[in-house]
There are 2 protein chains.
Amino acid sequence: MAIPRAAKTQRRTRIQEEKEELILEAALDIFSQNGFRGATIDQIADAAGMSKPNLLYYFRTKEAVHRQLIDRVLSTWLEPLRAFDATGDPESEIRSYIRRKLEMARDFPRESRLFANEILQGAPRIEDELKGPLKELVDEKAEVIRVWARAGKIARCDPYHLIFSIWSTTQHYADFDVQVRAVLGQAHSGDGRFEDAARFLEKLFMDGLRVR
Amino acid sequence: MAIPRAAKTQRRTRIQEEKEELILEAALDIFSQNGFRGATIDQIADAAGMSKPNLLYYFRTKEAVHRQLIDRVLSTWLEPLRAFDATGDPESEIRSYIRRKLEMARDFPRESRLFANEILQGAPRIEDELKGPLKELVDEKAEVIRVWARAGKIARCDPYHLIFSIWSTTQHYADFDVQVRAVLGQAHSGDGRFEDAARFLEKLFMDGLRVR
DNA sequence: CGATAATTTGACCGCTTGGTAAAAGCTTAC
DNA sequence: GTAAGCTTTTACCAAGCGGTCAAATTATCG
C-alpha cells in the first residue's frame, strides 16, 4: 500500500533518484519553451516517458517540479559570477566572465530561457531569490568592481549597470536565439556566431572599460 | 440581426474603433504579462470591461487579437532603427539610437515584453516577420555601419553583433525589470535607474567604438 | 416614431487541464 | 517464497479553457 508520495521513507530509492532526474530534465525542456502556465504536466510526463499520475507520484504538483528546477538551476547559473575573483587581474577577470557567460548561453540555453520566462512574467515564484541571494551576490561583486575603478585599474563606471549589460548581451544569444538566427540568416547561423559574438563583446567591454 | 462579426459593412463604426482599441490595450497588458498561452480571453475581456462573447464579436479568435497587436506594435518598435541615418554623424547616430531604444524600454515596457515573450517561446507566430522585414531592415543598417567602419569613422566591428548588443542592453531594462529592481534595491529603483543606464551605455558604446 | 442594423449578454458545448483514488504490478529483505 | 512497501496504471473529477448560439438590448437613420 503506497500511502505516501515517494519520500515517506527518509532514504530515497535508486528508482526515485533516476525518475526525479528524468522528470526534471524533461521539465527543463518544456518549461523553458512554454513558460510555467504554458507548460502542461502531460507534456512533461510524455517527454519523461511516463504517465501523468506517475509524474505526480514523484512531485506533488506542477509547481513543485518548477520550484525544484529553479532552485537547482539558479545555483549553477550564478557560478560564473561567484567565480569573479577580487584578487585577480581586473581586465582578465571581466574578460573571462564574459566568455563564461557566453559559453553558458551556448551550452545551456534552456536554463537561460527558464529564468527569462520566469522574470519576464514578473518572477512570481522567485522574487525572494532575486531580492535575497542574488542581490547579495551582485552587491558583493559590484563592490569589487568599484574598488578596481577607484584604484584606476578600470574606467570608472556604474558596476551594477556593467553587470546588467554583461548579463543581457550574453544571455541574448540564448533567450533571443530565434531572432538572432533569423537576422543573421542561414549563412551565419552555424556555431560560428558564438565566436563572432565573443570577439565583438570582448572588444566592446575591454575598450569601454579601459582607462583613458 | 447581427449576422456577421463586426466588419460586414465596409465602414467601421465609431463603437467598433473604440472597442477594438480598448481590447488591444487590455490585451497588451495581459499578453505581455503572461505570454500567449498564459493569457486567457476572459482575462483580456475583464481588463477591457466587457464580456468574453463581446470581445469575440470584435475579434474572431484569441490569436486574431494577438496577431493584430503584434502587427501594430512591430512597426512602432522598429521606428528607432529605421531612423538610423546613413548620412548623419556616426557617433551621434549611434548615441541617439541607444538613447531612443532606452526611452522605449522605459516608456513602452509592455510592448517590449510582448515581443520578448513571443521570441522566447520560439516566435511561432512571427517567424515570417523576423526573417522578412526585420532581417531586411537590419541588413540595410548593418551595411551602413560597415561603411562607417571602413571609412574609419568608427572602430571596425561586426555590425550585426553591435545591433544585437544595443537591443539586448536596452531592452533588458524593460524585459528584466523585476530583476533589475530587485538587484538595485529600493534605493535605486526610482526612475533614476534609466538615467544611470543611459550614462553607462553611452560611455560603454562610445568608448568601445571609438577608433584607436 | 419605427425599422433596420449593430452590439451585448447568458447559457452552453466540447476539450484540456491539474490533480485524485484505488487497485494492480513490481522490488526488496527476510 | 512471501509479505511489506514501492511503483505504475486505469479511470475519473471538477474547474478552466476557447469558442458558439440565439435571444435581448441598444444605436442609427429616414
Side-chain angles (χ1 to χ4, degrees), chain A residues 1-24 26-27 29-31 33-70 121 124-125, chain B residues 1-27 30-31 33-70 121 124-125:
Chain A
M1 243 174 280
I3 301 159
R5 343 215 121 246
K8 182 259 188 79
T9 47
Q10 308 312 64
R11 203 177 301 278
R12 291 169 72 226
T13 321
R14 171 185 55 89
I15 295 184
Q16 268 172 47
E17 289 199 29
E18 285 174 13
K19 291 294 164 84
E20 283 177 19
E21 206 53 46
L22 210 61
I23 291 169
L24 289 172
D29 259 359
I30 306 297
F31 280 134
Q33 264 179 52
N34 305 95
F36 182 76
R37 286 211 55 188
T40 74
I41 303 183
D42 272 310
Q43 281 177 309
I44 299 170
D46 257 23
M50 67 181 70
S51 67
K52 177 170 66 172
N54 198 4
L55 185 154
L56 287 167
Y57 171 72
Y58 292 102
F59 292 89
R60 260 192 286 281
T61 62
K62 175 180 166 181
E63 184 142 1
V65 183
H66 190 260
R67 175 92 243 156
Q68 188 157 334
L69 202 52
I70 290 269
Q121 309 195 355
R125 285 168 288 274
Chain B
M1 239 173 283
I3 302 161
R5 344 214 121 245
K8 181 258 190 78
T9 47
Q10 307 312 64
R11 202 176 301 278
R12 291 170 71 225
T13 321
R14 171 185 55 87
I15 294 183
Q16 268 173 46
E17 289 200 28
E18 285 174 13
K19 290 294 164 85
E20 283 176 18
E21 206 53 46
L22 209 62
I23 292 169
L24 289 172
E25 166 65 25
I30 306 298
F31 279 134
Q33 262 179 52
N34 304 96
F36 182 77
R37 286 211 54 187
T40 73
I41 303 183
D42 272 309
Q43 281 177 309
I44 299 171
D46 257 24
M50 66 181 70
S51 66
K52 177 169 63 170
N54 198 5
L55 185 153
L56 288 167
Y57 171 72
Y58 292 103
F59 293 89
R60 259 192 286 282
T61 62
K62 175 179 165 181
E63 184 143 1
V65 183
H66 190 261
R67 176 90 243 156
Q68 188 157 335
L69 202 52
I70 290 268
Q121 310 196 354
R125 284 168 290 274

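Computed from heavy atoms alone, side chains included, the values below leave out hydrogens, waters and symmetry copies. The model shown is predicted, which means the values in this text are computed figures rather than measured ones.
Between A:F31 and A:H66, the angle of the ring planes goes over 60°, which puts this pair in the perpendicular group of the 30/60° scheme.
Between the side chain of A:R67 and the backbone N or O of A:R125 there is at least one donor-acceptor pair closer than 3.5 Å. Between the side chain of A:K19 and the backbone N or O of A:A48, no donor-acceptor pair lies under 3.5 Å. At distances below 3.5 Å, not a single donor-acceptor pair connects side-chain atoms of B:Q33 with backbone N or O atoms of B:I30. For A:K52 (side chain) and A:I44 (main-chain N/O), no donor-acceptor pair under 3.5 Å exists by modelled atom type.
In this structure, CD of A:Q16 is placed 9 Å from C1' of D:dT7, rounded to the nearest angstrom. In this structure, the CZ atom of B:R60 is 10 Å from the P atom of D:dT20, given to the nearest Å. One atom, CZ of A:F59, and another, C1' of C:dG18, lie 16 Å apart when rounded to the nearest Å. When the C1' atom of D:dG18 is taken as reference, atom CG of B:D42 falls 9 Å away, rounded to whole Å. Separating the NZ atom of B:K62 from the P atom of D:dG18 is a distance of 4 Å, rounded to the nearest angstrom. Distance CD (A:E18) to P (D:dT8): 10 Å, rounded to an integer number of Å. Between A:I44 atom CD1 and C:dG19 atom P there is a gap of 11 Å when expressed in whole angstrom units. Between the P atom of D:dG5 and the OH atom of A:Y57 lies a distance of 12 Å, rounded to the nearest Å.
Phosphate contact (OP1/OP2 of D:dT7, side-chain N/O of A:N54, threshold under 4.0 Å): absent. Contact annotation: A:S51 does not reach the phosphate of D:dT8 (side-chain N/O to OP1 or OP2, under 4.0 Å). Taking only side-chain nitrogens and oxygens, A:K19 comes nearer than 4.0 Å to OP1 or OP2 of D:dT8. The side chain of B:R37 contributes an N or O atom lying less than 4.0 Å from OP1 or OP2 of C:dT17. Distances shorter than 4.0 Å separate some side-chain N or O of A:Y58 from OP1 or OP2 on D:dT8.
The side chain of A:T40 lies closest to C:dT17 when the candidates are C:dT17, D:dC21, D:dG19. Taking only side-chain atoms of B:P53, from C-beta outward, the nucleotide of D:dG19, D:dC21, C:dG19 with the closest atom is D:dC21.
Toward the 5′ end of DNA chain D lies the nearest nucleotide of A:G49, the other residue of the pair A:G49 and B:T61 mapping further downstream.
Among the protein residues, B:A39 comes within range of the sugar-phosphate backbone only, with heavy atoms under 4.0 Å from sugar or phosphate atoms but none that close to a base. Within the nucleic acid shown, B:A64 has no heavy atom closer than 4.0 Å to any nucleic acid atom.
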